[in-house]
Protein chains: 2
Amino acid sequence: MNDLANVPDLSGHQADEPKTLAEAAYRQLRRDIIEGVHRPGEKLRVEHLKDQYAVGAGTLREALQLLVTDALVVAQGQRGFRVAPISLDDFEDITRTRVLLETVALQQSIELGDDTWEANVVASFHMLSRAEEKLVDGTNASREEWELRNRAFHEVLISASTSRWLRHFQNILYLQSERYRRLSLFRQPISRDVHAEHQAIVDAALARNSKEAARILTEHVLRTLEAVRKLPAEMIS
Amino acid sequence: MNDLANVPDLSGHQADEPKTLAEAAYRQLRRDIIEGVHRPGEKLRVEHLKDQYAVGAGTLREALQLLVTDALVVAQGQRGFRVAPISLDDFEDITRTRVLLETVALQQSIELGDDTWEANVVASFHMLSRAEEKLVDGTNASREEWELRNRAFHEVLISASTSRWLRHFQNILYLQSERYRRLSLFRQPISRDVHAEHQAIVDAALARNSKEAARILTEHVLRTLEAVRKLPAEMIS
DNA sequence: ATAGTAAAAAATCTCGAGAAAACCATTGAC
DNA sequence: GTCAATGGTTTTCTCGAGATTTTTTACTAT
């Protein structure tokens with residue numbers, strides 16, 4: 001079916017279905033950290049969390065180790081684990097690095113993408129648009145689905161890039177920026193402009209205008225940075 | 001002394017001294033994988049390795065998990081761990097991505113670096129040059145020291161970059177390329193040219209000629225790719 | 001012979017208890 | 001009053017044994 005099946009997965013532990021308890025705990029923890037259930041800088045005590053996530057101590061330890069990979073958790077020598085802190089500087093760094101990688105990957109993708117890629121772009125954009133419509137009812141589930149499809153959309157855009165490493169790093173950075181975007185959503189919900197920007201990227205991509213697509217993508221990503229900049233400083237502790 | 005001490009370490013588990021058994025095992029394993037003791041694609045059975053590295057099963061598991069972070073080991077669902085395979089395509093990807101990141105970081109560094117940075121560049125270049133001289137006796141220890149100092153040199157060059165993420169990703173890619181460079185050394189030892197190239201980078205960096213420095217660095221990194229390309233195919237299994 | 005099934009073997013994954021280290025509050029000395 | 005040392009408490013780290021899952025081997029029927 002899919003001849004990429006036995007290609008080594010660079011992202012390691014992001015398979016479609018959690019096959020092990022440690023991975024299941026890892027996913028729950030990851031979501032909770034991104035969602036802000038565990039606040040930035042918070043200490044993550046294994047003894048407390050193992051009950052909360054219903055796994056053994058060693059297993060939870062493994063889950064935490066996996067989160068270190070994504071830089072959502074920091075491990076300090078003999079002093080346990082801690083939710084990675086956030087800061088405006090950090091988000092600026094994340095955003096700029098992401099722009100660098102994602103634009104290069106996007107231009108590659110536009111040059112190399114075939115018909116199937118085009119179809120995937122159109123399809124994932126459609127899925128995202130539908131999710132946007134459901135956003136108006138403001139439920140948590142609808143927002144979560146939007147996040148999922150937004151991520152899928154951005155992934156598909158660069159999926160025709162030949163560089164597995166670019167995609168790998170982009171994955172990590174996207175995950176990071178999700179934490180910050182969640183903060184900006186407190187202030188202002190996802191706006192109409194976002195849809196227009198996505199549309200513009202799709203148009204440029206299908207027209208094989210890689211320069212223009214990269215330009216729009218850059219603006220698009222930087223817009224979130226501006227939104228976070230306007231937040232009260234105490235929110236970005 | 002160093003006010004960067006409490007900045008969260010992005011690389012997570014690359015502190016100067018291993019404070020835990022798991023980390024010690026991680027380092028030994030990492031060296032063994034890079035050195036080729038454990039061949040690419042080889043299965044890493046916990047039961048066998050725990051005796052070899054003198055730690056418990058759970059501890060070795062953690063060490064393996066850390067190696068997944070560096071993409072030197074791949075974990076597959078419920079089927080254990082395996083040394084990440086190598087391929088020419090992969091090395092090409094690694095090299096090109098590394099060039100992209102490292103040149104950007106280097107240009108930033110050259111623009112922002114202060115006197116201390118300049119001093120560090122000169123110092124690490126000197127250390128590297130001394131190690132090159134000792135290379136003639138061809139011992140394993142001298143080559144290992146050269147690797148260490150070469151890495152330190154490249155790290156110092158981009159150390160003035162403000163982007164922690166660029167440096168983080170560069171670290172990972174450098175580690176990866178070390179595996180491949182080791183292969184190329186079978187054929188031809190480290191040549192005179194390398195020294196001249198390093199010298200040229202230092203000169204351009206101190207002259208604050210960021211464009212030129214980036215150009216030389218690019219050529220420098222691509223040269224190793226060419227060397228690996230000339231290897232017999234069966235060496236890059 | 002081949003294919004499918006089932007039991008046996010090996011390896012992984014999971015857990016809880018013990019050892020080692022870090023943390024905190026109290027005490028004592030200067 | 002400030003600082004250093006000490007002991008108790010908490011937390012992390014480590015280990016080995018049991019439960020699941022995967023892989024291998026052997027067997028039977030077509």
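Every residue two or more places apart in sequence or in another chain was checked for a side-chain hydrogen bond (donor to acceptor under 3.5 Å, both in side chains) with A/Q78, and none qualifies. For the salt bridge (charged side-chain N to carboxylate O under 4.0 Å, His left out) test, no residue two or more places apart in sequence or in another chain qualifies with A/R82. Residues that satisfy the salt bridge (charged side-chain N to carboxylate O under 4.0 Å, His left out) test with B/R45, not counting sequence neighbours, are absent from this structure. Among residues two or more places apart in sequence or in another chain, the salt bridge (charged side-chain N to carboxylate O under 4.0 Å, His left out) test is passed with B/E178 by none. Not counting sequence neighbours, the partners of A/L112 by the side-chain contact (heavy atoms from CB on, under 4.5 Å) test are A/T162. Taking B/R98 as the reference, B/E102, B/H154, B/Q170, B/L173, B/Y174, B/S177, B/V221 meet the side-chain contact (heavy atoms from CB on, under 4.5 Å) condition, with sequence neighbours excluded. For B/D51, the side-chain hydrogen bond (donor to acceptor under 3.5 Å, both in side chains) test picks out no residue, with sequence neighbours left out. Taking A/R130 as the reference, A/E133 meet the salt bridge (charged side-chain N to carboxylate O under 4.0 Å, His left out) condition, with sequence neighbours excluded.
Closest-nucleotide positions on DNA chain C for A/Q78 and A/L21 were compared, and the one nearer the 5' end corresponds to A/L21.
Atom CD of A/Q65 and atom P of D/dT12 are 13 Å apart (whole Å). Taking atom CZ of residue A/F81 and atom C1' of nucleotide D/dT12, one finds them 9 Å apart after rounding to whole Å. Remark: P of D/dT21 and CD of A/E23 are 15 Å apart, rounded to the nearest angstrom.
Heavy-atom distances under 4.0 Å link DNA chain D to A/R61 of residues 49-63 of chain A, given in residue order. Contacts of residues 38-47 of chain A with DNA chain D (heavy atom under 4.0 Å): A/K43, A/L44, A/R45, A/V46, A/E47.
Side-chain atoms of B/N120 and B/T116 form no donor-acceptor pair, as typed in the model, at a separation below 3.5 Å.
Here the range on DNA chain C touched by chain A, meaning any atom under 4.0 Å from one of its heavy atoms, is C/dC13 to C/dC23.
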Which donor-acceptor pairs under 3.5 Å do side chains of residues 34-42 of chain B form with protein atoms, sequence neighbours excluded?
from  : atom 1 : to     : atom 2 : distance (Å)
B/E35 : OE1    : B/R143 : NH2    : 3.1
B/H38 : ND1    : B/E42  : OE2    : 3.4
B/H38 : NE2    : B/Y53  : OH     : 2.8
B/E42 : OE1    : B/R39  : N      : 2.9

